[in-house]
Protein chains: 2
Amino acid sequence: MRRMERKTIQRQAIRDAIIEASRPLSPQEVLDGARGHVKNLGIATVYRTLKSLLAEGAVQAVDLPGEPPRYEPAGKHHHHHFRCRACNKVYEIDGCPKNLKRIAPRGFRVESHDLTLFGVCARCAT
Amino acid sequence: MRRMERKTIQRQAIRDAIIEASRPLSPQEVLDGARGHVKNLGIATVYRTLKSLLAEGAVQAVDLPGEPPRYEPAGKHHHHHFRCRACNKVYEIDGCPKNLKRIAPRGFRVESHDLTLFGVCARCAT
DNA sequence: AGACTATTGATAATGACTTATCAAAATTGC
DNA sequence: GCAATTTTGATAAGTCATTATCAATAGTCT
């Protein structure tokens, strides 16, 4: 019989942590979140699972300037991110400036863009 | 007598490479550029000099999503960057979208922002 | 030029993040 | 439950960019 991928509470906890978060999570944040459900979860399992979730297209990486990547569920509509310099959390931001492409020099083909806002989030600002 | 910083052809070549480039350079690109003038320049000297140029405020780091930092002369007016996925060079872009702050959620204080366009540069597109 | 000492270049070491290893534990099919 | 095989967790190892080390080199001052 053929081998198949097994369902484990670790993978489910990791999947859930990412899906239930309202913001992109770092591997460590995924670990912290998933440990709420699986006490002794290891960071290696988080990285392994992130890799397979990326491969199957369930999650996508969020690259930020000068930061290690975060991970969020795939298939979200176009959006950007905000990083709080106090708590270092990254938040999802709806909305996107118009006419971004026209600031590129003549002859440059713009295929995508990344916008990151920096500052202090509502929780840290109070 | 007090010790002072000496003028060396290495430091001058590194400084020149950064100033004369029309775009932010990676440490390796700085090395490549400066070697046009100093044949046996070492990468360690580039890093050392970048560090001191940063400390004295002559150059500033350019952080990009998922990329090691580039360096450009300090004191430029506000601008953004374009990264070519073909040659991996980063270009400076004038112009900035308006009203960026208003896409942040209520209560979030926006202090700065980074915008990166991705695509193919004019040279690679031809 | 000569002495003093900062600087350089080659490379080993570091640090942060990610991946590999492998014995023990857990899941699946029977 | 049992056998077969995948998965896990702890941690060693690997990666890549950057920094430290140190003997040799080269500015600077007299």
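The figures here come from the full heavy-atom set of this structure, side chains too, leaving out hydrogens, waters and symmetry mates. The model shown is predicted, which means the values in this text are computed figures rather than measured ones. Proteins come first, then strands; the chains are lettered A, B, ... in the order of their sequence lines, and each starts at number 1.
Going from atom CD of A:Gln12 over to atom C1' of D:dT8 covers 16 Å, rounded to whole Å. Taking atom NZ of A:Lys39 as the reference point, atom P of D:dT8 lies 18 Å away to the nearest angstrom. One interatomic measurement links the two molecules: CZ of A:Arg11 to P of D:dG9, which rounds to 11 Å at whole-angstrom precision. Between the P atom of D:dT7 and the CG atom of A:Leu41 lies a distance of 15 Å, rounded to the nearest Å. Atom P of nucleotide C:dC17 and atom CG of A:Leu50 are separated by 14 Å, given to the nearest angstrom. Atom pair A:Ile14:CD1 and D:dT8:C1' shows a separation of 10 Å (rounding to whole Å applied).
Sequence order on DNA chain D of the closest nucleotides to A:Thr49 and B:Ile9 puts A:Thr49 first from the 5' end.
Salt-bridge formation is detected for the pair A:Arg15/A:Glu56: a Lys NZ or Arg NE/NH1/NH2 atom is positioned less than 4.0 Å from an Asp or Glu carboxylate oxygen.
A perpendicular orientation is assigned to the rings of B:His78 and B:His113, their planes being inclined by more than 60° (bins at 30° and 60°).
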(request) I would like to know whether A:Arg70 and A:Glu72 meet salt bridge (Lys or Arg N to Asp or Glu O under 4.0 Å); could you show each step before the answer? (result) CA-CA 7 Å; A:Arg70 270 57 167 191; A:Glu72 66 184 12; over 6 Å; no
(request) Evaluate ring pair (Phe, Tyr, Trp, His ring centres under 6.0 Å) for B:Phe82 paired with B:Phe118, printing each intermediate quantity in order. (result) CA-CA 6 Å; B:Phe82 177 103; B:Phe118 300 92; 8.1 Å; no
(request) Please assess B:His37 against B:Asp16 for the test side-chain contact (heavy atoms from CB on, under 4.5 Å), listing each intermediate value before the final yes or no. (result) CA-CA 10 Å; B:His37 194 252; B:Asp16 289 348; over 6 Å; no
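Residue A:His79 qualifies as enclosed at atom NE2: its count of foreign heavy atoms under 6.0 Å is above 12.
The stretch residues 58-67 of chain B has no heavy atom under 4.0 angstrom from DNA chain C at all.
Contact annotation: B:Thr45 side-chain N/O to C:dG9 OP1/OP2 distance is under 4.0 Å. A close approach under 4.0 Å does not occur between any side-chain nitrogen or oxygen of B:Thr8 and OP1 or OP2 of C:dA6.
Closest non-hydrogen pair, A:Cys84 versus A:Cys121, comes out as SG-N, 3.4 Å. Across all their heavy atoms, B:Pro97 and A:Leu100 have their closest contact at CG-CD2, 3.3 Å. Pairing each heavy atom of B:Leu50 with each of B:Val59, the nearest pair is O-CG2, 4.3 Å.
Between its two ends, the helix from C:dA1-D:dT30 to C:dC30-D:dG1 turns its axis by 40°, counting five pairs per end and rounding to 10 degrees.
Screening A:Arg23, A:Lys76, A:Arg83 for a salt bridge (charged side-chain N to carboxylate O under 4.0 Å, His left out) involving A:Glu92 leaves a single residue, A:Lys76.
The shortest distance between side-chain heavy atoms of A:Asn88 and A:Glu67 falls below 4.5 Å.
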Using a cutoff of under 3.5 Å, can you pull out all pairs of nitrogen or oxygen atoms linking the protein to nucleotides 17-26 of chain D, with atom names and distances?
unit_1	atom_1	unit_2	atom_2	d
D:dT18	OP2	B:Tyr47	OH	2.4

